[in-house]
Amino acid sequence: MESSNSSSCEAQASVNTELNTDLSEQWVSDQFEALLPRIQEKWPEVAKQTLEATRGSLDELIRVISLHSGKTTYGVKEQLEELFNSATDRTKDIAESLEPLEKQLEELLDELNQTLRPRIEKPIRQRPLLAIGIATGLGVLLGILLSGGKRS
């Protein structure tokens, strides 16, 4: 019974590792352009064109950096993980710092909606025909301007 449990645990660990690898591979591929300058800072001995030739493939990137820097693939992988984690942490920090600004913007938009809407709606409700006439005139004028005055 233990052997079947241990084999199923090993299979589950293998699946989890494959999922994590797929996710990190996809993430690296998506974020490669943004990460390229930081990778170049860490490994200046690797040419930019060489890094770009990996096309964001994590395994290929690890292999190329290892080959040019003389470090083991394991060491390179650990350093890349640190780089990715710091990039992820920075992204989270930026998102957290934007939250108060987002709330402030929402409050300002709500306030603008409450103060400006009545000022716009009141004249329209008092003189609906004038409002329709102005809207129609602006629509015709805009149509003429956008068509360039051409007639067929």
Report whether [X] and [Y] are members of the same hydrophobic cluster (ILVMFWY, side-chain heavy atoms less than 4.5 Å apart, transitive linking).
{"X": "Leu108", "Y": "Leu116", "result": "no"}
{"X": "Val140", "Y": "Ile132", "result": "no"}
{"X": "Ile120", "Y": "Leu112", "result": "yes"}

Once rounded to the nearest 0.5 Å, what's the spacing between atom [atom1] of [X] and atom [atom2] of [Y]?
{"X": "Ile124", "Y": "Arg119", "atom1": "CD1", "atom2": "CZ", "value": "13.5 Å"}
{"X": "Glu106", "Y": "Asn113", "atom1": "CD", "atom2": "CG", "value": "13.0 Å"}
{"X": "Lys122", "Y": "Gln126", "atom1": "NZ", "atom2": "CD", "value": "5.5 Å"}
{"X": "Leu141", "Y": "Thr136", "atom1": "CG", "atom2": "OG1", "value": "12.5 Å"}

